[in-house]
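To start, the structure itself, in structure tokens.
Start at 1 and go down the list; that is how both ligands and their atoms are numbered. Atom set for the values below is all heavy atoms of this structure, side chains included, hydrogens, waters and symmetry mates excluded.
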Amino acid sequence: MGKDVIIACDFPNAGETLKFLEKLGAERPYVKIGMELFYGEGPEIVKTLKERGHKIFLDLKLHDIPNTVGRAMKVLDGLDVDMCNLHAAGAKAMMEAARENFRGTLIGVTQLTSTTEEVMREEILINRSLTEVVTEYGRNCLCTGLNGVVCSPLEAGMIHEACGDDFLTVTPGVRLAGDAAGDQRRVTTPAKARELGSDYIVVGRSITAAEDPLAAYRKCREEFVG
Ligand code: C5P
């Protein structure tokens, strides 16, 4: 599986998304559609971007009872997206139901990269180390047939160690050197993410908020893919 840079299109509507993508010229990057854009525009935005030649990661982070998630995944499967995800905290029966209904690349969210261990222990009430939680969730994803996890690049190595080299690590929390971290708590550069063994990096603001998004995208690719 080739490494790639996925651009997080965290825009409120199709108009702004297309305006942004036009700045990338002839490039047709892998894009991530998140809650904001999908809830605002619905499945039509998936269709529009697919028709323009983009691969799609639909980042809706499902988490509900197995029956509900299974049925929702069947709908997402019908949209023919390349990748989608769910919360590993939803547990194995939910992940199995999702896997049965979605044929594309299915990945589990371990802990959001905005979460610190302190917050996880005191507010999410999981009184274990972040490392332990991320690897255990990774194993649960692997044994329920998922293709990989969303995790911090800093966790990519231990995930591969626990779950194998073919198990994908899709890693947000990436910033070009010098860019603001914003709300992310654990960030690395694309070059560092490559060194750490990430398979895909998800980059939002370092590209979308850049003065020259095309140059920022190319820089991410150059550092990460080579
Ligand atoms: O702008 P930035 O590069 O921080 O965007 C990161 C993207 O990755 C956002 O769309 C965010 O929702 C997503 N994400 C994340 N951490 C996760 C899973 C997804 O930051 N664990």
Side-chain angles (χ1 to χ4, degrees), residues 4-13 16-17 20-21 24 29-41 45-46 49 54-63 81-90 105-117 119-120 123-124 126 130-131 133-135 137-138 140-141 146-156 158-159 168-193 196 198-211 213 216-217 219-221 223-224:
D4 209 349
V5 174
I6 302 177
I7 302 182
C9 289
D10 293 324
F11 297 107
N13 54 48
E16 284 194 35
T17 306
F20 162 72
L21 290 172
L24 300 180
Y30 204 140
V31 294
K32 179 173 88 70
I33 299 175
M35 296 182 198
E36 183 184 16
L37 189 54
F38 191 77
Y39 292 159
E41 297 287 349
I45 186 68
V46 172
L49 296 185
H54 296 277
K55 286 180 87 173
I56 312 281
F57 167 21
L58 193 54
D59 177 20
L60 298 181
K61 301 188 180 74
L62 277 70
H63 188 171
V81 293
D82 300 279
M83 189 187 292
C84 79
N85 61 358
L86 43 69
H87 273 285
T105 303
L106 183 59
I107 55 177
V109 176
T110 55
Q111 277 298 328
L112 297 174
T113 45
S114 54
T115 306
T116 59
E117 182 163 320
V119 166
M120 193 188 69
E123 298 176 33
I124 307 176
I126 300 176
L130 199 53
T131 313
V133 172
V134 169
T135 34
Y137 277 174
N140 289 351
C141 291
L146 269 60
N147 304 96
V149 291
V150 185
C151 63
S152 157
L154 302 166
E155 297 152 356
M158 67 189 197
I159 286 286
L168 301 173
T169 52
V170 179
T171 66
V174 174
R175 289 285 177 276
L176 283 167
D179 287 355
D183 56 351
Q184 297 283 17
R185 287 291 164 265
R186 296 173 276 144
V187 298
T188 57
T189 61
K192 187 74 185 163
L196 293 168
S198 295
D199 296 292
Y200 291 93
I201 52 172
V202 176
V203 186
R205 287 161 287 184
S206 260
I207 296 175
T208 57
E211 222 162 276
Y217 173 65
K219 174 99 178 97
C220 286
R221 274 195 66 92
E223 279 190 29
F224 185 67

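In this structure, NE2 on H63 lies 12.5 Å from CG on N85, to the nearest 0.5 angstrom. Rounding to the nearest 0.5 Å gives a distance of 5.0 Å between CD1 of I33 and CG of L49. One finds the CD atom of E117 at 10.0 Å from the CD atom of Q111 (value rounded to the nearest 0.5 Å).
Of all the heavy atoms of D10, the ones lying under 4.0 Å from any atom of ligand 1 belong exclusively to the side chain.
Using a 4.0 Å cut-off to heavy atoms of R205, the atoms of ligand 1 that qualify are 1 (O), 2 (P), 3 (O), 4 (O). Residue contact check: A8 has heavy atoms under 4.0 Å from atoms 7 (C), 10 (O) of ligand 1. When each atom of ligand 1 is checked for a heavy atom of L112 under 4.0 Å away, the hits are 17 (C), 21 (N). Interface atoms of ligand 1 facing K61, defined by a heavy-atom separation under 4.0 Å, are 12 (O), 18 (C), 19 (C).
Any N or O atom pair closer than 3.5 Å counts here, and G204 shares at least one such pair with ligand 1.
No donor-acceptor pair closer than 3.5 Å links the side chain of D4 to the backbone N or O of Y200. Side-chain atoms of T115 do not come within 3.5 Å of backbone N or O of M120 as any donor-acceptor pair.
Test I56, I6, L58 against D82 for side-chain contact (heavy atoms from CB on, under 4.5 Å) and you get one pass: I56.
Close to ligand 1: K32, with a non-hydrogen atom less than 4.0 angstrom away.
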